[in-house]
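All values below were derived from every heavy atom in this structure, side-chain atoms included, with hydrogens, water molecules and symmetry-related copies excluded. Position 1 is the first residue of the sequence; numbering continues from there.
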Amino acid sequence: MLAILLLCQPATLHAQSGNGAPVPNPPPATPQPAPSGAPVGADAPAEPLPATANAAPTTPALPDVPAPPPPPAVDMPLVHSVIATALEFLGPRTLEPHSSRDFTLWGLGCLTALDPTLTFDSRGTNIQLLSGPLPLLSRPAPPADNVDDWARLATDFLEAARAHSAAVRSAERDDLLQAFFDELFNHLDPYSRYIGPSSASTDREARTGGEADAGITLAQNGRHIVVSAINANGPAWTSEIDTGDRIIAVNGQLTAGQSAATVTEWLRGPEDSALILRLLSPGRRRGHTVTLRRSKVPPETVFAFASGPIVVLRVTAFSSDTAEEMSQYLDQATQDKNLRGLIIDLRGNRGGVLQQAVTAAALLLDHGVAAVTSGRDPQSNHIWAVQGGDMTNGLPIAVLVDGRTASAAEILAAALADHRRAVVIGSATLGKGLVQTVAQLPDEGELFVTWSRVIAPLHWPLQGLGVMPQICTSLGEADTTHALRTLASGKLANQAAITASRAARYPLTVPSILAIRKACPAALGNDRDVSVARDLINHPAWYKTAIAAIPDDAAPAPQISAAP
């Protein structure tokens, strides 16, 4: 998933009570007095009473039936505000042009999904909500692109459906909006979507960091609390804290007898607040004190380890600090004069922030275009060019990909391969070449809207096609061994698929996409990928052959224009 954050800032609305018509509860049954000594309850047998001249017939007592819970209140003015904001945001940004009428009628299809007896008739000048043949509400159809009128119509129809249908009435606000947008986005691409307030908050924390802390991970080591990891994005990264250090005290509170979870909570607090840690390093008899300022730390996305003279960077996602993390690890790695090459592992990386993929490419390219994006909104059209300097000074690079590598990860892999800066190893990637822009809605939910397509540096579309690796490992052990032998002879076994993928141009038919991808089917990565990458770096002639397999940039540069 790629995300360019464009936050709408609508006015805050105060919650109000819903005004749907309540359904009256049936009056409770009035129990009849039972004669003394008689059993009471629906399952108790009735005993005959002594006959008397004026005896009145008796009725067995009925059990108390609890009243059904009241339907959840829905803040309909807030629902209107959310829908109006969404319609205004969607209008100029979707890949294909659609009107507010289209979006609204698609979204109102949620009422039929919630209650199949509810249908719409939009064939005339009026829009009608029906329950079977019975009209429930009729409204004149507003002009097709009148955002506020269509938002009002949507809100009125949702309210009328709540008053009539128990199924609709039982849906809470978040569920109702989720259903509305799910139906709307069923008519668009598979990546545009609405995320409710709770999930959106979690996603925002993943992109930008949650509660402020020190950026360290703690673990229990016997009776002691120790530092098990240090986040490269956090304030502890540049301090005198190392993995293995014991945490003795946090802001004067002793950690003895505390759990790692408890001490982790002690590390959290207001952003930029002081955090004083007392630590004891392994092998030392005296502790030392470190003072930090808490900050919001995005989850770490880059992990590095050395494999002899080769450094492996595992990149799990592209968050707001991924390129900075890569830069720090590259700076450390290049201090080793014996460094022979770099492996960038993008397997399972589902993407993230587009700008971070471009910035990561800039760390390894001297100059050039990393990607081109094109859509209807002028702001979505961009040539993502890089200029700076290769931090590795031309060291061999192998990029590992698999069938789960997507979005921003595919952009990085394509940029490095097309510029002959890296050899891609693995299988065909997912093929997500669509970019989403994000709007924050008045209910604190988020709208992800696809607004542009991605074109690789050699002008081929990522969407559907994905990145074709120079060395394929998804066809089995025997095929991989054959590919390496062919490489050793100075040829590339996958040359035909590489040439075909780079010659592809938008729009592509499904059969043409499948014909190219079948040469190296998408699959999960395996241990063989790393060993192939290591062999490639250790054999400069093999590496040179694989790099040369990428064709020259002979085609004209794509023109940015409105997407068809």
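For D213, the side-chain hydrogen bond (donor to acceptor under 3.5 Å, both in side chains) criterion is met by no residue, not counting sequence neighbours. Scanning for side-chain hydrogen bond (donor to acceptor under 3.5 Å, both in side chains) contacts around Q463 gives an empty result, with sequence neighbours left out. Under the ring-ring contact (aromatic ring centres under 6.0 Å, His included) criterion, F120 pairs with F157, not counting sequence neighbours. Annotation: side chain to side chain contact (heavy atoms under 4.5 Å, CB included) contacts of E324 (sequence neighbours excluded): Q328. The side chain to side chain contact (heavy atoms under 4.5 Å, CB included) check on H419 picks up L365, P457, with sequence neighbours excluded. Shown here are the side chain to side chain contact (heavy atoms under 4.5 Å, CB included) partners of P507, two or more places apart in sequence or in another chain: there are none. Taking Q470 as the reference, nothing meets the side-chain hydrogen bond (donor to acceptor under 3.5 Å, both in side chains) condition, with sequence neighbours excluded. Contacts of T509 classified as side-chain hydrogen bond (donor to acceptor under 3.5 Å, both in side chains), with partners at least two apart in sequence or in another chain: S512. Remark: P135 pairs with Q128, L130 by the side chain to side chain contact (heavy atoms under 4.5 Å, CB included) rule, at least two apart or across chains.
In this structure, CD1 on I344 lies 6.0 Å from CG on L416, to the nearest 0.5 angstrom. Taken to the nearest 0.5 Å, the CG atom of L78 stands 9.5 Å off from the CD atom of E444. To the nearest 0.5 angstrom, E446 atom CD is 6.5 Å from I195 atom CD1. Between the CG atom in L90 and the CG atom in L447 there is a gap of 5.0 Å [rounded to 0.5 Å].
Residues L95 and L434 have side chains in contact (heavy-atom distance under 4.5 Å, counting atoms from C-beta outward). Looking only at side-chain heavy atoms (C-beta outward), V435 and S452 come within less than 4.5 Å of each other. Contact of the L462 side chain with the K432 side chain is not registered, since no non-hydrogen atoms from C-beta on lie closer than 4.5 Å. For the pair P521/L475, a side-chain contact is recorded, criterion being any heavy-atom separation below 4.5 Å from C-beta on. The shortest side-chain heavy-atom distance between L313 and E325 does not fall under the 4.5 Å cut-off. You'll find the side chain of I550 reaches within 4.5 Å of the side chain of L458, heavy atoms only. Considering only heavy atoms from C-beta on, P299 stays 4.5 Å or farther from S319 through its side chain.
Here the side chain of S327 pairs no donor or acceptor atom with the backbone of A323 at under 3.5 angstrom. When atom types are taken as modelled, the side chain of R347 and the backbone of N526 share a donor-acceptor pair closer than 3.5 angstrom. Between the R505 side chain and the R502 main chain, a donor and an acceptor come within less than 3.5 Å of each other. Formation of a donor-acceptor pair under 3.5 Å by the N349 side chain with backbone atoms of V315 is found in this model. Of the possible polar contacts, one joining the Q356 side chain to the S320 backbone as a donor-acceptor pair under 3.5 Å is found. Using modelled atom types, no side-chain atom of D402 and backbone atom of S427 make a donor-acceptor pair closer than 3.5 Å. Checked by atom type and distance alone, the side chain of S501 pairs as donor or acceptor with a backbone atom of A497 at under 3.5 Å. For the pair R93 (side chain) and F89 (backbone), a donor-acceptor distance under 3.5 Å is present. Looking at D345, its side chain never comes within 3.5 Å of a backbone N or O of V399 through a donor-acceptor pair. Checking side-chain atoms of S199 against main-chain N and O of G196 turns up no donor-acceptor pair under 3.5 Å.
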If you look only at distance, which donor and acceptor atoms sit under 3.5 Å apart when one is on a side chain in residues 105-116 and the other is two or more places apart or in another chain?
| from | atom 1 | to | atom 2 | distance (Å) |
| --- | --- | --- | --- | --- |
| T112 | OG1 | L118 | O | 2.7 |
| D115 | OD1 | T117 | N | 3.0 |
| D115 | OD1 | T117 | OG1 | 2.7 |
| D115 | OD2 | T117 | OG1 | 3.4 |
| D115 | OD2 | S165 | OG | 2.6 |

L441 and L177: CA distance, side-chain angles, deciding distance, side chain to side chain contact (heavy atoms under 4.5 Å, CB included) verdict: CA-CA 11 Å; L441 300 175; L177 284 171; over 6 Å; no
Pair R376-T94, side chain to side chain donor-acceptor pair (under 3.5 Å): steps then yes or no: CA-CA 7 Å; R376 286 196 309 124; T94 54; 3.3 Å; yes
Side chain to side chain contact (heavy atoms under 4.5 Å, CB included) assessment of T316 paired with E300: CA-CA 9 Å; T316 59; E300 202 163 5; over 6 Å; no
Residue pair S138, N126: steps toward the side chain to side chain donor-acceptor pair (under 3.5 Å) verdict: CA-CA 6 Å; S138 179; N126 284 3; 3.2 Å; yes
Evaluation steps, salt bridge (charged side-chain N to carboxylate O under 4.0 Å, His left out), between D75 and R173: CA-CA 7 Å; D75 185 349; R173 185 198 73 203; 5.4 Å; no
Check against side chain to side chain contact (heavy atoms under 4.5 Å, CB included), Q379 and W451: CA-CA 9 Å; Q379 295 185 62; W451 72 336; 4.0 Å; yes
Trace of the side chain to side chain contact (heavy atoms under 4.5 Å, CB included) decision for L354 with I411: CA-CA 8 Å; L354 181 150; I411 288 177; 4.1 Å; yes
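Among the candidates V467, T429, T405, the single residue satisfying the side-chain contact (heavy atoms from CB on, under 4.5 Å) test with L346 is T405.
For the ring pair (Phe, Tyr, Trp, His ring centres under 6.0 Å) condition, the pairs that include at least one residue of residues 161-181, sequence neighbours left out, are F181-Y194. Sorted by first then second residue, the salt bridge (charged side-chain N to carboxylate O under 4.0 Å, His left out) pairs that include residues 143-155, not counting sequence neighbours, are R152-D156.
A salt bridge does not link R404 with E410: none of the charged nitrogens is closer than 4.0 Å to a carboxylate oxygen.
Checked by atom type, the side-chain pair S273/R294 shows a donor-acceptor distance below 3.5 Å. Checked by atom type, the side-chain pair T322/T301 shows a donor-acceptor distance below 3.5 Å. Between the side chains of T450 and Q436, at least one donor-acceptor pair of N or O atoms lies under 3.5 Å. In the model, S380 has no side-chain atom that pairs as donor or acceptor with a side-chain atom of D377 under 3.5 Å. Remark: the W384 side chain and the T373 side chain contain an N/O donor-acceptor pair separated by less than 3.5 Å. Under 3.5 Å, the side chains of D174 and Q178 contain no donor-acceptor pair of N or O atoms.
Both the sub-6.0 Å distance and the 45° axial angle are not jointly satisfied by R314 relative to the ring of F303.
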